[in-house]
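Whatever order the structure lists ligands and atoms in, that order sets their numbers, starting from 1.
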Amino acid sequence: MDNILVLGIESSCDETAAAVVKNGREVLSNVINTQIAIHKQFGGVVPEVASRHHIENIDAVIDKALSDAGVGFSDIDAIAVTYGPGLVGALLVGVSSAKALSYALDIPLVGVNHIKGHIMANFIAHPDLEPPFVCLVASGGHSHIVWVKNYQELEILGRTRDDAAGEAFDKVARVIGLGYPGGPLLDKLSKEGNKNAVKFPRVTMAQGSLDFSFSGVKTAVINYLHKLDQNGESYNKADIAASFQDAVTDVLCDHTIEAARQKKSKIITIAGGVASNSQLREKMTERAKKFGIDVLFPPPILCTDNAAMIACAGYYEYLNGNRADMTLNAVPSLSI
Ligand code: KG4
Ligand code: ZN
């Protein structure tokens, strides 16, 4: 088959991104314009501000993706765009741009689920990876254990009942005064701390359930610090960070490995922003090895929001004949 070039467009949260990917797995360009510096001053993403910056940046980001790849619109076989889940105003910017380009240039349009995109980032990072496998996808808004049956079908084996793992990281980081985005800062600080300093709860749901709950551990950290504060006692931030991170990664690893054992899968992949977490990567690799399970994850640049993963997911949708039309809309709470 001829080479297929997909232009991916991503604007679901605070990254305006575009990428050109060849045959689903070869990244020709991957342009990410992050708004972290802008939202930092507010301590989190302000949706309205995010939408406005997407509008300002998206044309230049798409142009750069094409020029970095050394191609023009006439070389593009399909445009893949994230249409959910995410912030509605932010999603609409990407969806509207993709629709306009598709209509004006007569290029097929494909709608992509952002979470599916995160999972597919593993296909870019690992050219020989084939389904089926188990994937832990953990980001700022989602934490799912997914059985990736093939390039189209995904089955959710477990999910968070409350906070997403990344959300818990961000909240605890804020409580201990680390700033935004909290996950990477907490990860870094944990390296200097003692993970056994405080035993925070490892919450599991009903027996046999692979679901997560992270609001309990977050509250446990807040209560612990509150008590110290009331008693006028100080604490070591790095110890709190390391102890919290150890509790969260324990549960993420144990449930994911249990899922892989149930599915008799010899491969676990990790995806989403939290997949950049250094302890999660090490712990999952080490624990899974005992069961003969290999652990794969993308490099950090493909874990956090990017459009290469959207182009990859879009490629497989395109091959499957899935096409969107001009009625494609943003779906903020789109499920997998
Ligand atoms: O996938 P992503 O870029 O955006 C969403 O779709 O949400 O994930 C962002 C989340 C944030 O909560 C961020 O704090 C977290 O991923 N994150 C991390 C690390 N890097 C990013 N959490 C823990 N450790 C990290 N190294
Ligand atoms: Zn994401």
- Going by the atom numbers of ligand 1, which of them fall below 4.0 Å from some non-hydrogen atom of H118?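 Once the distances to H118 are compared, the set is 1 (O), 6 (O).
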- Message: Quick check on contacts: which atoms of ligand 1 are under 4.0 angstrom from a heavy atom of G166?
- Response: 12 (O)
- Note on the structure: Closest to atom 10 (C) of ligand 1 (heavy atoms only, candidates G272, C13, G140) is G140
- So does H142 have any N/O/S atom less than 2.8 Å away from the Zn ion (ligand 2)?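 So H142 does not count as coordinating the Zn ion (ligand 2).
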- Query: So does C13 have any N/O/S atom less than 2.8 Å away from the Zn ion (ligand 2)?
  - Reply: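 Looking at C13, which is the residue asked about, there is no N, O or S atom under 2.8 Å from the Zn ion (ligand 2).
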- Note on the structure: dist T204:OG1 -> H255:NE2 (nearest 0.5 Å) comes out at 5.5 Å
For [atom], what's the nearest protein heavy atom and its distance?
{"atom": "atom 24 (N) of ligand 1", "value": "N277 ND2, 3.0 Å"}
{"atom": "atom 26 (N) of ligand 1", "value": "D187 OD2, 2.9 Å"}
{"atom": "atom 17 (N) of ligand 1", "value": "G273 O, 3.5 Å"}

- Query: Hey, is K283 close enough to D254 for a salt bridge, meaning N to O under 4.0 Å?
  - Reply: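 Salt bridge absent between K283 and D254.
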- Item | Pair D305, H114: side-chain N/O donor-acceptor within cut-off below 3.5 Å |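 Side chains of D305 and H114: pair found under 3.5 Å.
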- Can you find a pair of side-chain heavy atoms, one from K218 and one from I222, that are under 4.5 Å apart?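 When only atoms from C-beta onward are counted, I222 and K218 do touch, with a gap below 4.5 Å.
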- Message: If the condition is side chain to side chain contact (heavy atoms under 4.5 Å, CB included), which residues does D59 pass it with, not counting sequence neighbours?
- Response: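 D59 satisfies side chain to side chain contact (heavy atoms under 4.5 Å, CB included) with no other residue.
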- Query: Do the ring planes of Y224 and F200 sit parallel (below 30°), tilted (30 to 60°) or perpendicular (above 60°)?
  - Reply: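 Because their plane-to-plane angle is over 60°, the rings of Y224 and F200 count as perpendicular.
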- Under 3.5 Å between some N or O of ligand 1 and some N or O of S278? no
